[in-house]
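So that the names make sense, note that chain A is the first sequence line, chain B the second, and so on, each numbered from 1. All heavy atoms count here, side chains included; hydrogens, waters and symmetry mates do not.
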Amino acid sequence: GQQLNQSPQSMFIQEGEDVSMNCTSSSIFNTWLWYKQDPGEGPVLLIALYKAGELTSNGRLTAQFGITRKDSFLNISASIPSDVGIYFCAGIPSGTYKYIFGTGTRLKVLA
Amino acid sequence: NAGVTQTPKFRVLKTGQSMTLLCAQDMNHEYMYWYRQDPGMGLRLIHYSVGEGTTAKGEVPDGYNVSRLKKQNFLLGLESAAPSQTSVYFCASRPTGTRNEQYFGPGTRLTVT
């Protein structure tokens with residue numbers, strides 16, 4: 001099945017650093033979602049994007065819907081230890097009810 | 001408002017046994033989904049439902065059946081469990097309309113020996 005290309009696969013950063021990750025698709029999407037998953041838990045929705053070029057923030061997190069509608073970006077500013085987890089993107093191709101998921105970016109924050 | 005809940009949280013089955021996973025949501029969402037999550041594979045759609053009484057196949061439906069008799073509940077059944085069905089299963093729901101925000105349950109960790 002189709003999956004989104006998400007990068008990087010993993011990141012080790014120092015506390016206080018900024019983080020950037022992205023997802024790309026070969027298809028045009030009309031929605032992009034960003035989730036965080038902690039070990040043993042279900043994914044938690046962080047940000048939803050609905051229009052090309054849209055920039056949305058949720059606290060220290062900022063996400064953007066790419067102009068081409070084939071990509072999206074997530075930035076985390078001033079990382080803290082509780083940011084540790086797996087972040088993954090999801091999108092909905094036009095005309096479907098089905099979500100396509102990225103394979104995730106595993107983030108580790110060193111204090 | 002509990003959101004999306006799943007029962008059980010953990011289960012161990014022997015090959016050939018059957019079981020049903022229950023998903024419930026209290027957000028009055030029309031759409032509900034069942035996924036499995038395996039290491040290195042990401043989330044894969046098993047079955048989904050766009051409303052009470054409707055179901056449809058996803059990406060990996062073989063070996064699973066579903067039912068949506070009530071709007072708030074979506075059941076996933078394994079008739080004859082196989083070791084390949086060892087996985088973490090997530091249920092999710094979303095409302096109709098233009099808001100495509102999908103909300104997940106906490107997951108069921110299933111081991112088939």
Side-chain angles (χ1 to χ4, degrees), chain A residues 1-10 21 23-25 27-52 54 56 58 61 63 65 69 72 85-106, chain B residues 2-7 9-10 21 23-25 27 29-51 54-62 68 74 87-109:
Chain A
Q2 182 184 1
Q3 282 192 326
L4 299 175
N5 184 19
Q6 186 171 348
S7 65
Q9 287 188 339
S10 62
M21 60 191 78
C23 276
T24 59
S25 168
S27 306
I28 290 176
F29 283 7
N30 61 16
T31 298
W32 282 98
L33 305 171
W34 283 94
Y35 289 88
K36 178 176 185 267
Q37 187 175 21
D38 292 326
E41 304 290 332
V44 174
L45 182 64
L46 300 173
I47 293 178
L49 302 160
Y50 295 99
K51 294 192 304 186
E54 180 181 353
T56 297
N58 177 6
L61 279 63
F65 196 136
R69 297 176 64 190
S72 181
I86 300 176
Y87 293 80
F88 59 90
C89 58
I92 302 179
S94 299
T96 79
Y97 302 116
K98 301 178 188 177
Y99 295 73
I100 309 297
F101 291 88
T103 50
T105 294
R106 187 179 297 271
Chain B
V4 180
T5 58
Q6 294 181 234
T7 53
K9 194 163 179 63
F10 301 95
L21 282 68
C23 176
Q25 52 93 7
M27 298 175 283
H29 287 172
E30 288 290 338
Y31 302 166
M32 296 186 75
Y33 304 77
W34 276 108
Y35 296 93
R36 58 178 291 172
Q37 186 177 44
D38 303 294
M41 300 292 290
L43 284 159
R44 292 185 291 169
L45 181 64
I46 304 171
H47 286 280
Y48 66 101
S49 168
V50 299
T54 73
T55 62
K57 293 181 180 179
E59 180 188 353
V60 288
D62 293 342
R68 183 97 182 270
F74 195 27
S87 187
V88 182
Y89 292 86
F90 288 102
C91 176
S93 72
R94 58 154 282 199
T96 52
T98 56
R99 307 303 291 183
N100 296 323
E101 295 154 19
Q102 188 179 64
Y103 297 92
F104 284 84
T108 294
R109 184 173 296 275

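- Interface check for chain B: of the options A:Gly102, A:Ala48, A:Pro43, the most heavy-atom pairs under 4.5 Å are formed by A:Pro43.
- If you measure heavy-atom distances from B:Val50 to chain A, the contacts under 4.5 Å come from the side chain alone.
- Taking CZ of B:Arg36 as the start and CG of B:Leu45 as the end, the distance is 12.5 Å to the nearest 0.5 Å.
- Judged as a side-chain contact (heavy atoms from CB on, under 4.5 Å), and not counting sequence neighbours, A:Val44 has no contacts.
- Side-chain atoms of B:Glu101 and A:Thr31, non-hydrogen and from C-beta on, never get closer than 4.5 Å to each other.
- The aromatic rings of A:Phe29 and A:Trp32 sit tilted relative to each other, their planes meeting at an angle between 30° and 60°.
- By a heavy-atom distance cut of under 4.5 Å, B:Phe90, B:Arg94 are the residues of residues 87-95 of chain B near chain A, going up by number.
- Residues passing the side chain to side chain donor-acceptor pair (under 3.5 Å) test with B:Thr55, sequence neighbours excluded: none.
- Contacts with chain B were tallied for A:Ala90, A:Gly40, A:Gly42; A:Gly42 has the most, counting heavy-atom pairs under 4.5 Å.
- Taking the side-chain contact (heavy atoms from CB on, under 4.5 Å) definition, one finds that A:Ala63 meets it with A:Trp34, A:Ile47, A:Leu49, A:Leu74, sequence neighbours left out.
- For chain B, the nearby part of A:Gln37 is the side chain; its heavy atoms alone come within less than 4.5 Å.
- Heavy atoms of B:Gln37 lying under 4.5 Å from chain A belong exclusively to its side chain.
- Side chains of B:Arg99 and A:Tyr50 form a contact here, defined as non-hydrogen atoms less than 4.5 Å apart.
- For A:Tyr97, the parts lying under 4.5 angstrom from a heavy atom of chain B are both the backbone and the side chain.
- Note that the NE2 atom of B:His29 and the CZ atom of B:Phe74 stand 15.0 Å from one another [nearest 0.5 Å].
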